[in-house]
Protein chains: 2
Amino acid sequence: MTTDSTAAGAALPAGPPLTARQEARRRRILHASAELAGRGGFDAVQMREVAEASDVALGTLYRYFPSKVHLLVATMQDQLQHLHATLRKRPPTEPEPGARVAQTLMRAFRALQREPHLADAMVRALTFADRSVSPEVDTVSRLTTAIILDAMGLDGAPTPEQLSAVRVIEHTWHSALITWLSGRASIAQVKIDIETVCRLIDLTAPVPRA
Amino acid sequence: MTTDSTAAGAALPAGPPLTARQEARRRRILHASAELAGRGGFDAVQMREVAEASDVALGTLYRYFPSKVHLLVATMQDQLQHLHATLRKRPPTEPEPGARVAQTLMRAFRALQREPHLADAMVRALTFADRSVSPEVDTVSRLTTAIILDAMGLDGAPTPEQLSAVRVIEHTWHSALITWLSGRASIAQVKIDIETVCRLIDLTAPVPRA
DNA sequence: AACCGTACTGAAACTTGTTCTAGATTAGCG
DNA sequence: CGCTAATCTAGAACAAGTTTCAGTACGGTT
């Protein structure tokens with residue numbers, strides 16, 4: 001539960017198993033990526049610097065992550081898994097599903113506020129990704145969906161309407177982050193947007209409370 | 001109304017007035033940008049090619065648009081103004097405000113489907129833009145907001161709740177476009193997302209019909 | 001019409017993501 | 001242990017966005 005190394009491998013279903021050295025390299029690279037991103041954001045993650053900081057040749061870096069966007073999306077996968085684990089430990093306290101999701105997303109948002117540059121790098125990479133990164137972006141999307149569904153605290157499987165609502169919430173979440181990161185929306189504004197969109201959930205799931 | 005040269009200047013509130021030659025240069029640049037974007041999308045808009053196609057030196061191009069993202073966001077402003085004018089001519093037919101907005105956005109979506117590469121270039125630039133492009137991105141946002149508010153067909157001024165709903169709709173609109181452009185969502189999926197989020201409007205504006 | 005400051009041109013240079021190559025290491029295997 | 005294929009390294013090379021600079025053309029002023 002507290003060890004994240006076990007969960008980390010689960011995100012990469014394909015490819016041959018890596019040796020210990022290779023796993024260590026991969027981890028060093030992701031660490032360097034997050035480190036550099038934590039400073040200057042997207043632009044500060046320069047492939048040569050990542051390679052040097054993780055003690056790996058440039059060509060090797062590109063063997064592990066075929067582009068800067070791939071690298072940053074993988075970094076986001078990594079961070080999201082940490083976040084998911086953290087959020088699980090303290091489930092939301094609100095009774096209504098919509099409020100629970102809003103509460104959870106606001107917690108995530110506060111976590112991002114502590115590392116705005118890292119958030120910048122990851123979110124920009126995510127929305128800038130083209131088709132060649134689709135599988136990885138999809139993994140991130142599934143992780144996000146899982147976090148939201150977790151927060152809803154459903155009894156059974158979600159209905160199609162609920163899944164649509166969750167998709168829209170995800171859209172709003174990403175786009176609101178972008179506007180905040182580029183300085184066009186305040187923290188308060190993002191909060192309002194999240195709370196607004198979360199009303200959709202209570203609209204589709206009219207509280208089947210006992 | 002039909003001449004766009006008059007409307008084009010309205011989007012740039014700052015800066016000294018341009019001479020006729022300068023206005024013509026600006027227009028040639030935007031045309032070349034849209035042309036190239038219409039082919040290969042974001043990557044196909046190469047600054048050297050834009051400069052050559054618009055018969056302008058590279059340095060001059062950068063004087064008019066300080067970065068590729070600035071250029072593409074300006075291109076989006078331009079296209080949005082066309083779109084706004086086109087949409088005004090045929091207002092939505094649905095009675096409910098939410099359905100009117102959904103109908104309008106689906107029209108816009110169909111227009112984008114005709115030029116998917118152009119859409120790719122513009123939307124990617126928009127979400128990739130950093131703080132240095134905030135004013136221009138904000139202009140695009142205001143244009144989009146205007147289109148949505150137009151579609152709602154309000155009698156008076158929108159309430160704060162309605163403005164929040166519109167913001168969330170914009171978030172969903174941009175993010176849904178991204179997922180479609182990167183091949184992670186189908187056209188049908190985008191339609192559902194738009195219709196889902198547009199319910200928020202009828203939630204905040206409970207049909208003050210007569 | 002001569003003059004001055006600003007804008008434009010053409011071309012080179014610089015930056016950073018990405019690719020390529022030749023040689024050194026490593027991992028797995030008989 | 002010795003062999004072989006795959007991986008890794010160091011570094012050059014390439015591509016496209018961006019900057020810079022010396023010289024030229026333009027627009028307004030006197």
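Letters A, B, ... are given to chains in the order of the sequence lines, protein chains preceding strands, and every chain is numbered from 1.
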Handout entry: Pairwise side-chain hydrogen bond (donor to acceptor under 3.5 Å, both in side chains) hits with a residue in residues 56-72 of chain B, at least two apart
Key =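 Only B/Ser67-B/His70 qualify under side-chain hydrogen bond (donor to acceptor under 3.5 Å, both in side chains).
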Practice task
Would you mind listing every side-chain hydrogen bond (donor to acceptor under 3.5 Å, both in side chains) that reaches into residues 112-131 of chain A, with sequence neighbours excluded?
Solution key: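 Sorted pair list: A/Asp120-A/Arg124, A/Asp130-A/Ser132.
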Please list, one pair per line, the donor and acceptor atoms closer than 3.5 Å that link side chains of residues 32-56 of chain B to other protein atoms, with sequence neighbours excluded.
{"unit_1": "B/Ser33", "atom_1": "OG", "unit_2": "B/Thr75", "atom_2": "OG1", "d": "2.9"}
{"unit_1": "B/Ser54", "atom_1": "OG", "unit_2": "B/Val50", "atom_2": "O", "d": "2.5"}
{"unit_1": "B/Ser54", "atom_1": "OG", "unit_2": "B/Ala51", "atom_2": "O", "d": "3.4"}

Exercise for the section: Can you tell me which residue pairs pass the salt bridge (Lys or Arg N to Asp or Glu O under 4.0 Å) test with a partner in residues 172-184 of chain A, sequence neighbours excluded? Expected result: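 Of all non-adjacent pairs touching residues 172-184 of chain A, those that pass salt bridge (Lys or Arg N to Asp or Glu O under 4.0 Å) are A/Arg184-B/Asp138.
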Taking the side chain as every heavy atom from C-beta outward, state whether [X] and [Y] have any pair of such atoms under 4.5 Å apart.
X	Y	result
B/Ser141	B/Thr145	yes
A/Leu118	A/Leu112	no
A/Val166	A/Thr144	no
A/Thr86	A/Arg107	no
A/Ile29	A/Leu71	yes

Handout entry: Residues within residues 44-56 of chain A bordering DNA chain C, heavy-atom distance below 4.0 Å
Key =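 Of all residues in residues 44-56 of chain A, the ones placing a heavy atom under 4.0 Å from DNA chain C are A/Val45, A/Gln46, A/Met47, A/Arg48.
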Problem - Contact residues, residues 121-133 of chain B to DNA chain C [heavy atom, < 4.0 Å] - result: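 Contacts with DNA chain C under 4.0 Å: none.
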Handout entry: Most 5' of B/Lys68 and A/Arg25 on DNA chain D, judged by nearest nucleotide
Key =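 Of the two residues, A/Arg25 wins.
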Exercise for the section: Using five base pairs at each end, measure the axis-to-axis angle across the helix from C/dA1-D/dT30 to C/dG30-D/dC1 and round it to 10 degrees. Expected result: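 It works out to 10° between the end axes.
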Problem - Sugar-phosphate only, base, or nothing, as touched by B/Tyr64 at under 4.0 Å among non-hydrogen atoms - result: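 Sugar-phosphate, no base atom in range.
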Exercise for the section: Identify whether any heavy atom of B/Thr19 sits under 4.0 Å from a base atom; if not, whether one sits that close to sugar-phosphate; answer base, sugar-phosphate or nothing. Expected result: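 Nothing: the residue B/Thr19, judged by heavy atoms under 4.0 Å, touches no strand.
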Enumerate, atom names and distances included, each donor-acceptor pair closer than 3.5 Å involving a side-chain atom of residues 188-198 of chain A, sequence neighbours excluded.
{"unit_1": "A/Gln189", "atom_1": "OE1", "unit_2": "B/Arg167", "atom_2": "NE", "d": "3.4"}
{"unit_1": "A/Lys191", "atom_1": "NZ", "unit_2": "A/Glu195", "atom_2": "OE2", "d": "3.2"}
{"unit_1": "A/Asp193", "atom_1": "OD1", "unit_2": "B/Arg167", "atom_2": "NE", "d": "3.2"}
{"unit_1": "A/Asp193", "atom_1": "OD2", "unit_2": "B/Arg167", "atom_2": "NE", "d": "3.3"}
{"unit_1": "A/Asp193", "atom_1": "OD2", "unit_2": "B/Arg167", "atom_2": "NH2", "d": "3.0"}
{"unit_1": "A/Asp193", "atom_1": "OD2", "unit_2": "B/His171", "atom_2": "NE2", "d": "2.9"}
{"unit_1": "A/Thr196", "atom_1": "OG1", "unit_2": "A/Ile192", "atom_2": "O", "d": "2.7"}

Handout entry: Between P of D/dA16 and CZ of B/Phe42, the distance in whole Å
Key =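 In whole Å, D/dA16 P lies 13 Å from B/Phe42 CZ.
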Problem - Integer-rounded Å distance: D/dT18 C1' and B/Leu71 CG - result: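 After rounding, the gap between these two atoms is 14 Å.
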Problem - Trace of the salt bridge (Lys or Arg N to Asp or Glu O under 4.0 Å) decision for B/Arg27 with B/Asp78 - result: CA-CA 10 Å; B/Arg27 208 117 280 291; B/Asp78 206 38; 3.3 Å; yes
Handout entry: Where A/Ala151 and A/Thr104 come nearest, the two heavy atoms and their spacing
Key =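 So the two residues come closest at CB-OG1, 3.3 Å.
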Problem - side-chain hydrogen bond (donor to acceptor under 3.5 Å, both in side chains) partners for B/His84, two or more places apart - result: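 If we apply the side-chain hydrogen bond (donor to acceptor under 3.5 Å, both in side chains) test to B/His84, skipping adjacent residues, the hits are B/Asp150.
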Problem - Sidechain-backbone polar pair: B/Gln22 side chain, B/Thr19 backbone, donor-acceptor under 3.5 Å - result: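 Indeed, once roles are kept as given, a pair shorter than 3.5 Å links the two residues.
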Handout entry: Opening and closing nucleotides of DNA chain C in contact with chain A, under 4.0 Å to non-hydrogen atoms
Key =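 So the outermost contacting nucleotides come out as C/dT16 to C/dA27.
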Could I get a table of every N or O pair under 3.5 Å where one atom is in the protein and the other is in nucleotides 19-26 of chain D?
none

Exercise for the section: Would you list the pairs meeting ring pair (Phe, Tyr, Trp, His ring centres under 6.0 Å) in which at least one residue belongs to residues 131-154 of chain B, sequence neighbours left out? Expected result: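 Non-adjacent pairs meeting ring pair (Phe, Tyr, Trp, His ring centres under 6.0 Å): zero.
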